[in-house]
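Notes follow the structure.
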Protein chains: 2
Amino acid sequence: MVTPEKTVERLSLYRRLAEEMLREGKMSVFSHQLAEMAGVTSSQVRRDFMFIGTQGRANTGYNTKELKAGIDQFLVSHEPDGVALVGIGNLGRAVLAFFHGRRPNLIIKACFDKDPDKIGRIIHGCRVYSIEDMASVLLSEKINIAIIAVPRAFAQETAEKLIQAGVNGIVNFAPVPLNVPGNVYVDNVDFTMSLEKVAHFARKQKIVSEI
Amino acid sequence: MVTPEKTVERLSLYRRLAEEMLREGKMSVFSHQLAEMAGVTSSQVRRDFMFIGTQGRANTGYNTKELKAGIDQFLVSHEPDGVALVGIGNLGRAVLAFFHGRRPNLIIKACFDKDPDKIGRIIHGCRVYSIEDMASVLLSEKINIAIIAVPRAFAQETAEKLIQAGVNGIVNFAPVPLNVPGNVYVDNVDFTMSLEKVAHFARKQKIVSEI
DNA sequence: ATAACAGCGTTATACTTTTCACAATTATAG
DNA sequence: CTATAATTGTGAAAAGTATAACGCTGTTAT
Ligand SMILES: NC(=O)c1ccc[n+]([C@@H]2O[C@H](COP(=O)([O-])OP(=O)(O)OC[C@H]3O[C@@H](n4cnc5c(N)ncnc54)[C@H](O)[C@@H]3O)[C@@H](O)[C@H]2O)c1
Ligand SMILES: NC(=O)c1ccc[n+]([C@@H]2O[C@H](COP(=O)([O-])OP(=O)(O)OC[C@H]3O[C@@H](n4cnc5c(N)ncnc54)[C@H](O)[C@@H]3O)[C@@H](O)[C@H]2O)c1
């Protein structure tokens, strides 16, 4: 069965909400509560859970711990996924800081940059390697996911090197569409697009609300 | 007429592709060329253009300059939109550097932080103000769009202050859903979600391609 | 000229995703 | 133990998106 992309996105959010509840000692949660927190409908939440098979109980809801574990297993594999980060500039460093120690089975295990000054350093617990060493490091660290944070002109060649070295999932921060084979999944995170989208709909909403 | 969110996203991409072509001296482009570059079908491209009314010509395609101008006007208003950035930490600074000088009518005009050491400084051409001055600065700079890059615990209160001060469009980098009135448009940029989505589909694709 | 072709604009069709609605299930109170 | 109320799981309907199809327009070649 093919899980819709939107469902996967929401699952990621539900997982964090469940995590937060666990921290607060909340042992169970209803679909309508998750719905309110996530900003969706309760049907949507239950429908999304059909894809992961997590079961709730009428009048009791979903067990927070089970829910978190269920989503976790569904999203990320049972054995931890290694992640590589290419391009340790302004954004790369921020990303590294952000993910450091955050997600137990989705860890940035190696960084790559072409700047000789950065190679060999350890930033936020992560070693920076030369891009020449990409293939061997990815193999030895069992890395199959990568984050691209290099200047746009180098994004495509970086993607190709990564794929060559066995990567089949990429988060791309460079503002260019990547040309990749069909068995590689790419998510483009595009700040310009986000801002322009907001600019557009903010304006539309103003017009609507003024009528 | 309501433009689908996905269409708006693609338009942002087409605009940049048109921009790039202009730089390369390419005066016109066919829908199937844009389609290939954007990774969509040519029908999709022509369909998307129906929303902005941009016209092409059989056998000639779309005039690159007209196309760029048309999308520009559709996405962002004719009079430049002012943008505020709240939270000048690792991510905030990277974002500021990224947008600086990039987009003529979508400019970050004011930054806000609560750290006294940062207030008063000018970073990438942008003055950092105290959050106390938010309402007055937003009014005087005619800002109605904001980027939130404060720690998650402060995201909701920051959103409320911004909305209070007249903002009706927000790009939210904090990994929490914001609770906002219906006339405010929010786009959540969620790195964790992106990475988990990639982890999920990368794994699925591997399984599929192994069959 | 005009035939042959290429590509746009749009309508119709197919597909995907969300919402609705309700039977089945479980907790709780009397 | 039974009635009541609350909440789940899911089929069916609706809404939202993407693709296909095709008439029309403009270009090129003969
Ligand atoms: N800064 C932001 O907030 C932001 C936002 C959205 C997108 N982006 C995009 O992310 C990318 C990086 O942005 P940045 O602001 O960090 O830029 P940056 O210039 O600060 O950093 C780029 C880094 O990549 C390294 N690099 C260059 N070529 C390389 C190569 N071929 N292989 C490996 N490393 C290489 C450089 O040495 C540098 O460390 C750019 O494509 C940018 O458009 C940045
Ligand atoms: N660093 C990343 O790559 C990254 C990625 C995704 C999301 N985020 C999110 O973006 C936000 C910022 O991340 P960061 O890494 O820049 O954090 P950071 O700690 O480096 O920076 C936070 C900044 O916000 C300021 N601040 C704190 N409270 C404030 C308030 N109430 N009003 C105004 N300013 C305030 C701080 O003074 C600081 O300058 C966080 O919510 C984080 O989860 C960061």
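Within every chain, numbering begins at 1; the chains are lettered A, B, ... in the order of the sequence lines, protein sequences first and strands thereafter.
Side chain of H124(A) to main chain of L96(A): no donor-acceptor pair is present (N/O by atom type, distance under 3.5 Å, no hydrogens or angles). Judged by distance alone, with hydrogens and angles left aside, the side-chain atoms of T64(B) form a donor-acceptor pair with the main-chain N or O of S28(B) at under 3.5 Å. In this structure a side-chain-to-backbone donor-acceptor pair under 3.5 Å is missing from D48(B) to T7(B).
dG9(C) atom P lies 11 Å from atom CG of L67(B), rounded to whole Å. If you take CE of M50(B) and C1' of dT19(D), they are 14 Å apart, rounded to a whole angstrom. One interatomic measurement links the two molecules: CG of D48(A) to C1' of dT16(C), which rounds to 14 Å at whole-angstrom precision. Rounded to an integer number of Å, the gap from CZ of R46(A) to P of dA6(D) is 15 Å. Here dT8(D) presents its C1' atom at 15 Å from CG of N63(A), a figure rounded to the nearest Å. Straight-line distance from the NE2 atom of H32(B) to the C1' atom of dC5(C): 14 Å, rounded to whole Å. Taking atom CD of residue E5(B) and atom C1' of nucleotide dT17(D), one finds them 13 Å apart after rounding to whole Å. Distance E66(A) CD to dT8(D) C1': 14 Å, rounded to the nearest Å.
Backbone-only contact: S31(A) has heavy atoms under 4.0 Å from sugar-phosphate atoms and none from a base. At the heavy-atom level, F49(A) lies nowhere under 4.0 Å from the strands shown.
Taking a cutoff of 4.0 Å between a charged side-chain nitrogen and a carboxylate oxygen, K161(A) and E157(A) qualify as a salt bridge.
Distances shorter than 4.0 Å separate none of the side-chain N or O atoms of Q44(A) from OP1 or OP2 on dT17(C). An OP1 or OP2 oxygen of dT19(D) is reached within less than 4.0 angstrom by a side-chain nitrogen or oxygen of T41(B).
In terms of position on DNA chain C, the residue among T60(A) and V2(A) whose nearest nucleotide sits closer to the 5' end is V2(A).
Donor-acceptor pairing under 3.5 Å, judged by distance alone, is absent between the side chain of R57(B) and the base of dG9(C). Donor-acceptor pairing under 3.5 Å, judged by distance alone, is absent between the side chain of R47(A) and the base of dT17(C). Between the side chain of N59(A) and the base of dT7(D) there is no donor-acceptor pair of N/O atoms closer than 3.5 Å.
Of the candidate nucleotides dG9(D), dG7(C), dT18(C), dG9(D) has the atom lying nearest to any side-chain atom of Y62(A).
In terms of the side chain to side chain contact (heavy atoms under 4.5 Å, CB included) criterion, residue partners of D187(A) (sequence neighbours excluded) are, by chain and number, Y185(A), V189(A), S194(B), K197(B), V198(B).
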